[in-house]
Amino acid sequence: MSTKFYNTITRQKETFTPIKKGEVKLYTCGPTVYDVAHIGNFRAFLFEDLLKRFLLLKGYKMTHVMNITDVDDKTIKQSIEKKIPIQELTETFTERFFDDLKRLKILPADEYPRATAHIQSMIKMIKKLIDGGFAYQAGDGSVYFSIDAYPEYGKLVHLDFGGQKSTERIISDEYTKDNPQDFVLWKAWKEEDGNVAWDSPWGKGRPGWHIECSAMSTEYLGAHFDIHCGGVDNMFPHHENEIAQSECATGEPFVNIWMHCEYLLVDGGKMSKSLGNYYQIFDLLEKGFTPETLRYILLNTHYRKTLNFSLSKRHEADQAVQRISDIYERLTSFVGDKTASASFPKVFNDFVKALENDLDTPQALALFFNWIKQTNHRLDEDSLTLEDGASGLRFIDKFNSIFDLLPGRIEIPATVLSLLNEREEARTNKNWKLSDDLRDKIHKLGWLVKDTPDGAKCQPV
RNA sequence: GGCGUUGUACCCAAGCGGUCUAAGGGGACGGUCUGCAAAAUCGUUAUUCACCGGUUCGAAUCCGGUCAACGCCUCCA
């Protein structure tokens with residue numbers, strides 16, 4: 001059985017073979033910390049989380065690096081507008097970012113290199129590019145990458161720059177570059193940059209946006225590594241430029257597989273602050289979404305399809321997540337601690353196969369829910385063996401290691417517990433009126449009562 | 001203008017040439033269970049896959065065209 005991933009660069013599903021047997025080196029584009037990341041950003045991060053968890057399940061040793069962009073036009077602009085020193089601004093939003101990652105149960109990367117801590121690596125790489133004849137310092141003092149020096153430029157997004165006539169709007173104010181499409185590696189200092197500057201062989205300035213990922217990925221993962229991910233919007237120019245810089249600087253192929261996550265729309269359109277549908281993780285949790293329902297919603301659509309998010313999806317997701325934790329509890333109490341199992345149900349194989357097929361999460365979830373239905377059915381008619389129950393628990397465990405949709409144990413407050421006991425007593429006395437009143441009372445406290453053969457159970461509404 | 005993606009039930013969403021008279025989730029309706037609920041379960045909800053042609057023994061799946069939506073072609077996950 002082989003794992004296949006859709007490679008943006010070849011536009012095909014390809015069998016995944018790591019460069020070094022049993023090990024995967026993964027680089028994922030991280031946030032620019034000038035503001036709080038939104039739900040759309042997290043779609044990509046969650047897709048990457050799933051990819052990583054799946055590769056871990058397959059037994060690979062993972063090295064995962066995610067950059068933190070803490071210097072660029074946007075961070076500088078924000079710091080000026082808000083009159084906050086740039087370090088303070090980026091530190092704040094980096095913290096917020098890590099909080100959100102944790103909330104969504106995204107596994108931490110091995111390294112989160114910050115751009116500002118790797119200026120020297122970038123300078124070194126730029127130097128190499130100049131020495132190799134791939135870059136030049138222009139009249140404005142900035143250093144540019146010359147796309148004419150790299151004939152393969154455009155191979156990721158399949159754009160042909162060679163024969164193209166520049167459009168007028170590009171020509172207008174770009175007199176300093178050899179080719180209007182050349183992109184900046186080192187930006188010469190300008191007044192509005194304030195004290196955001198580093199010394200370099202080309203004078204005071206700061207790195208261009210793309211060079212950080214090339215320099216840092218090379219530093220942490222080597223010149224040539226396995227997988228690089230990001231959102232589709234990063235394909236051009238960001239990733240295209242990374243390829244150019246890296247391959248010219250190191251002389252080696254850069255990345256084997258490029259994977260890109262599609263956009264997330266909200267209510268059928270782009271998210272925008274003015275429409276009031278610009279959501280951050282914090283907002284959504286406030287509105288009653290749980291980390292699990294968010295994970296479900298974001299992972300239930302295949303990563304290469306646009307996902308249309310809306311608040312109304314919450315109900316569907318709540319139900320689905322509840323169904324999963326219900327079967328988990330049901331099986332747990334059925335099996336108790338009597339049996340451990342070394343096997344998996346037959347569907348487990350298909351489940352893994354679905355994910356091996358370019359991370360077909362909808363299919364994998366479908367198989368899982370199908371299995372839940374069958375298992376419930378067999379529990380109902382009392383035909384499930386303990387061994388089946390135990391292997392089912394193992395399946396859920398593996399399932400959860402990838403999707404992470406089981407909520408943690410929730411403590412039931414003492415007040416609710418005592419009301420619950422009262423109600424049980426009322427029920428044994430067949431005092432239905434009191435029992436129903438108590439159920440209402442408990443409901444008003446935010447808990448739903450379920451009478452099961454094993455006694456009353458209770459879950460948050 | 002160039003490159004590319006998408007169009008499957010009331011909603012979300014798989015499917016990648018035959019096991020498709022099309023999975024799974026949500027919703028709705030009806031039955032079983034239950035003191036009543038909740039949960040679970042059973043049944044119903046697309047002979048049809050935007051539309052029109054073509055290839056094929058066979059197409060939701062391949063090809064051509066039409067319509068619709070969308071993305072990229074310098075700073076956005």
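Given the structure is predicted, the values throughout are model-derived calculations rather than measurements. Naming convention: chains lettered A, B, ... in sequence-line order (proteins, then strands); numbering from 1 in each chain.
- Rounded to whole Å, the distance from CD on A/Gln12 to C1' on B/U5 is 16 Å.
- Straight-line distance between the C1' atoms of B/C11 and B/C75: roughly 38 Å, to the nearest whole Å.
- Among the atoms of the strands shown, none is found under 4.0 Å from any heavy atom of A/Phe183.
- Mapping A/Tyr6 and A/Cys29 onto RNA chain B by nearest heavy atom places A/Tyr6 at the nucleotide closer to the 5' end.
- Under 4.0 Å is where a charged nitrogen must lie from a carboxylate oxygen, and between A/Asp100 and A/Arg96 no such pair does.
- One finds no side-chain N or O of A/His210 lying less than 4.0 angstrom from the OP1 or OP2 phosphate oxygen of B/C75.
- Note on A/Arg423: a base of the nucleic acid sits closer than 4.0 angstrom, heavy atoms only.
- With hydrogens and angles left out, the side chain of A/Arg439 and the base of B/A37 share a donor-acceptor pair within 3.5 Å.
- Between A/His238 and B/C76, a side-chain N or O to OP1/OP2 separation shorter than 4.0 Å is absent.
- Residue A/Asn370 places no side-chain N or O under 4.0 Å from the OP1 or OP2 atom of B/A23.
- Considering only the side chain of A/Phe236, B/C72 comes nearest among B/C72, B/G25, B/C3.
- Taking every side-chain heavy atom of A/Arg330 into account, B/A40 is the closest of B/C12, B/U41, B/A40.
- The residue A/Asp73 sits close to a base: some heavy atom pair falls under 4.0 Å.
- Rounded to a whole angstrom, the distance from the P atom of B/A60 to that of B/G2 is 32 Å.
- The separation between A/Leu294 atom CG and B/C12 atom P is 19 Å, rounded to whole Å.
- For the pair A/Tyr263 and B/C72, the criterion of a side-chain N or O lying under 4.0 Å from OP1 or OP2 is met.
- Position along RNA chain B of the nearest nucleotide to A/Ile372 versus A/Pro362 favours A/Pro362 as the more 5'-ward residue.
- Distance A/Leu298 CG to B/C12 P: 16 Å, rounded to the nearest Å.
- Between B/U45 and B/C10, the distance separating the two C1' atoms is 9 Å to the nearest Å.
- Salt bridge A/Lys441/A/Asp437: absent, no basic N to carboxylate O contact under 4.0 Å.
- A/Arg314 places a side-chain N or O within donor-acceptor distance of the main-chain N or O of A/Lys287, the cut-off being under 3.5 Å.
- When rounded to the nearest whole Å, the span between CG of A/Asn308 and C1' of B/G26 equals 15 Å.
- Nucleotides B/G35 and B/U44 place their P atoms 28 Å apart, quoted to the nearest Å.
- Judged by distance alone with a 3.5 Å cut-off, no donor-acceptor contact links the side chain of A/Lys313 to the base of B/C11.
- In this structure, A/Leu156 and A/Arg11 approach most closely via the heavy-atom pair O-NH2, 3.7 Å.
- Distance, A/Asp382 CG to B/U32 P: 22 Å, rounded to whole Å.
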Criterion side chain to side chain contact (heavy atoms under 4.5 Å, CB included) on A/Tyr136 and A/Ser146, from CA distance to verdict: CA-CA 7 Å; A/Tyr136 58 91; A/Ser146 169; 3.9 Å; yes
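- Taking the P atom of each, B/G27 and B/C72 are spaced 35 Å apart, rounded to whole Å.
- Donor-acceptor pairing under 3.5 Å, judged by distance alone, is absent between the side chain of A/Thr306 and the base of B/G71.
- With B/G24, B/G25, B/A38 as the candidates, the nucleotide lying closest to the side chain of A/Glu316 is B/G25.
- Across the strands present, B/C62 finds its partner in B/G54; the criterion is a Watson-Crick or G-U wobble pair with both atom distances under 3.5 angstrom.
- When distances are taken from the side chain of A/Asp436 to each of B/C36, B/C75, B/C42, the shortest belongs to B/C36.
- Neither OP1 nor OP2 of B/U6 sits under 4.0 Å from any side-chain N or O of A/Arg304.
- Aromatic ring pairs are classed by plane angle as parallel below 30°, tilted from 30° to 60° and perpendicular above 60°; the pair A/His228 and A/Tyr27 is tilted.
- Across all strands shown, A/Leu264 has heavy atoms under 4.0 Å from base atoms, whether or not it also approaches the sugar-phosphate.
- Put simply, the side chain of A/Gln319 and the base of B/G25 share no donor and acceptor less than 3.5 Å apart.
- To the nearest whole angstrom, the two C1' atoms, one in B/A14 and one in B/U8, are 10 Å apart.
- In this structure, A/Met235 places its CE atom 14 Å from P of B/C75, rounding to the nearest Å.
- The residue A/Gly230 sits close only to the backbone: its heavy atoms come under 4.0 Å of sugar-phosphate atoms, none of a base.
- Backbone-only engagement by A/Asn376 is indicated by non-hydrogen atom pairs under 4.0 Å involving sugar-phosphate atoms exclusively.
- Within the nucleic acid shown, A/Val184 has no heavy atom closer than 4.0 Å to any nucleic acid atom.
- In this structure, A/Ser435 reaches the bases: a heavy-atom distance under 4.0 Å links it to at least one base atom across the strands shown.
- A donor-acceptor pair is defined here as one N or O able to donate and one able to accept, closer than 3.5 Å; such a pair exists between the side chain of A/His38 and the backbone of A/Asn41.
- A donor N or O paired with an acceptor N or O is found under 3.5 Å between the base of B/C36 and the side-chain atoms of A/Asp451.
- Across the C1' atoms, B/C20 and B/U61 are found 11 Å apart, a figure rounded to whole Å.
- Closest to the side chain of A/Lys187, from the set B/C16, B/C75, B/A40, is B/C75.
- Rounded to a whole angstrom, the distance from the C1' atom of B/G54 to that of B/G17 is 16 Å.
- At a threshold of 4.0 Å, the pair A/Asp326-A/Lys450 counts as salt-bridged, since one of the basic side-chain nitrogens sits closer than that to a carboxylate oxygen.
- The partner of B/A28, taking Watson-Crick or G-U wobble pairs whose two distances both stay under 3.5 Å, is B/U44.
- For the pair A/Tyr296 OH and B/G26 C1', the interatomic distance rounds to 8 Å; values are reported in whole Å.
- The base-pairing partner of B/G7, taking Watson-Crick or G-U wobble contacts with both distances under 3.5 Å, is B/C67.
- With hydrogens and angles ignored, no donor-acceptor pair closer than 3.5 Å exists between the side chain of A/Asn300 and the base of B/G24.
- The side chain of A/Thr301 lies closest to B/A14, out of B/A23, B/A14, B/C75.
- Remark: the A/Tyr278 side chain and the A/Asp283 side chain contain no N/O donor-acceptor pair separated by less than 3.5 Å.
- If you check every strand for non-hydrogen atoms under 4.0 Å, A/Lys373 touches sugar and phosphate atoms only.
- For the pair A/Lys305 and B/A14, the criterion of a side-chain N or O lying under 4.0 Å from OP1 or OP2 is met.
- Partner assigned to B/A38 is none, using Watson-Crick or G-U wobble distances below 3.5 angstrom.
- In this structure a side-chain-to-backbone donor-acceptor pair under 3.5 Å is present from A/Arg295 to A/Lys105.
- Rounded to an integer number of Å, the gap from CD of A/Glu262 to P of B/G71 is 10 Å.
- At a cut-off of 3.5 angstrom, counting only N and O atoms as typed in the model, there is no donor on one side facing an acceptor on the other between the side-chain of A/Arg11 and the base of B/G4.
- For B/G35, neither phosphate oxygen OP1 nor OP2 lies less than 4.0 angstrom from any side-chain nitrogen or oxygen of A/Arg427.
- With its ring centre under 5.5 Å from that of the base six-membered ring and a plane angle below 30°, A/Trp432 counts as stacked on B/G35.
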